[in-house]
Amino acid sequence: MKDIRAIVPAAGKGSRLQSISGDLPKAMFTVGKRPMLEYVLENISFIDEKEIYIVVGYGKERILEHFGDRYHYVEQRQQLGTGHAVMECAEAFADFDGSVLVTFGDMPLFRREEMEAMCRQHVENGADCTLMTAHNDSLKLWARVLRGEDGRFQRIVEGKDCTPEQAQIKELFSGVMVFNSKSLFRILPRVGCANVQKEYYVTEVPELMAAEGLKVETYFTKDGDDLRGINTPEDLKICEQILTKRMAVR
């Protein structure tokens, strides 16, 4: 695909994994004997390597040593959330007017064909933002996608913040988004940090875009297991089982 870049926030420490990962940065923790960031980059390999920007922070040397100069690296010196991580790339994207895929270094289960199909749909629809969604009844605390009476996207509600009625919504937000670059970096400075963590979340951008009347679309992926990330040893076990099962089917 042409006129597309990717931003991969991978600056986290992964404190809940350190009992088994030692001092590795979270994105370099191994899943099936490979760093999970390897899977992520493989799954967006339809984008030229020189158009991929990895946001590094804790343990950045381990990431640079492993991947070398194949990608661009942007340092996030303070971990102030995903919105802050993406904003650190603003200078590098100042003159770019294409699409920007945002995915995360700790989510190795997304498939290349689904990521590429979402990006193509985004371009074909002339959207300002396209979010990947799915159904998965086992992910009780995942963020929900709220829609208006007209069926259009309104906002994302974190699982822990859902009302009992919202918790019944089947459509879950994956965390993966693709944006029009100019729209993204124009809206991003408006994201606030009025939350317990005092962090800036890129997931607020689609809501701000929708409220402004910009075009926010969704792309539905059929396999809800794609949404699973790795934050705990239990998550790791589940993801490795899923990857093993998928390899057996190929």
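Residue numbers run from 1 in the order of the sequence given. Keep in mind that the numbers below use all heavy atoms, side chains included, and drop hydrogens, waters and symmetry copies.
Here Glu240 does not pair with Lys33 in a salt bridge; the nearest charged N to carboxylate O distance is not below 4.0 Å. The existence of a salt bridge linking Arg186 and Glu212 is confirmed by a sub-4.0 Å separation between a basic side-chain nitrogen and an acidic carboxylate oxygen.
Thr130 is not listed as a side-chain neighbour of Asn125, based on a closest heavy-atom distance of 4.5 Å or more. The closest side-chain heavy-atom distance from Val40 to Met36 is not below 4.5 Å. Looking at Val145 and Phe153, their side chains come closer than 4.5 Å, going by heavy atoms from C-beta outward. Within the 4.5 Å cutoff, the side chain of Cys129 has no heavy atoms near those of the Val178 side chain.
Under the side chain to side chain donor-acceptor pair (under 3.5 Å) criterion, Tyr201 pairs with Gln197, Glu199, not counting sequence neighbours. Under the rule for a side chain to side chain donor-acceptor pair (under 3.5 Å), His135 has no partner lying at least two apart in sequence or in another chain. Remark: Glu234 engages Thr232, Ile238 in a side-chain contact (heavy atoms from CB on, under 4.5 Å) (not counting sequence neighbours). By the side-chain contact (heavy atoms from CB on, under 4.5 Å) test, Arg70 is found to be paired with Glu49, Phe67, residues two or more places apart in sequence or in another chain being considered. With sequence neighbours left out, the side-chain contact (heavy atoms from CB on, under 4.5 Å) criterion links Leu188 to Val86, Met87, Phe185, Val191, Val202, Val205. Residues meeting the side-chain contact (heavy atoms from CB on, under 4.5 Å) test with Glu51, sequence neighbours left out: Arg5, Ile47, Asp48. Residues passing the side chain to side chain donor-acceptor pair (under 3.5 Å) test with Asn136, sequence neighbours excluded: Ser138, Asp225.
With hydrogens and angles ignored, the 3.5 Å screen pairs no side-chain donor or acceptor of Tyr39 with any backbone N or O of Arg111. Between the side chain of His84 and the backbone N or O of Gln78, at least one donor-acceptor pair lies under 3.5 Å.
With a 6.0 Å cutoff to the six-membered ring centre and a 45° limit on the axis angle, Arg112 does not count as a cation-pi contact of Phe46.
Sorted by first and then second residue, the side-chain hydrogen bond (donor to acceptor under 3.5 Å, both in side chains) pairs involving residues 90-110 (not counting sequence neighbours) are Lys26-Asp106. Among residues at least two apart or in separate chains, salt bridge (charged side-chain N to carboxylate O under 4.0 Å, His left out) pairs with a member in residues 52-64 are Asp23-Arg62, Lys60-Glu75. Applying the salt bridge (charged side-chain N to carboxylate O under 4.0 Å, His left out) test to pairs two or more places apart or on separate chains, those with a residue in residues 150-163 are Arg152-Glu217. A salt bridge (charged side-chain N to carboxylate O under 4.0 Å, His left out) check over residues 119-128, counting only residues at least two apart or in different chains, returns the pairs Glu116-Arg120. Residue pairs meeting the side-chain hydrogen bond (donor to acceptor under 3.5 Å, both in side chains) criterion with at least one partner in residues 168-180, sequence neighbours excluded, are Thr133-Glu171, Asp137-Lys170, Arg147-Glu171, Asn180-Ser183.
For Tyr53 and Phe93, the ring centers sit closer than 6.0 Å to each other.
Glu38 and His66 are linked by a side-chain donor-acceptor pair at a separation below 3.5 angstrom, with hydrogens and angles left out of the test.
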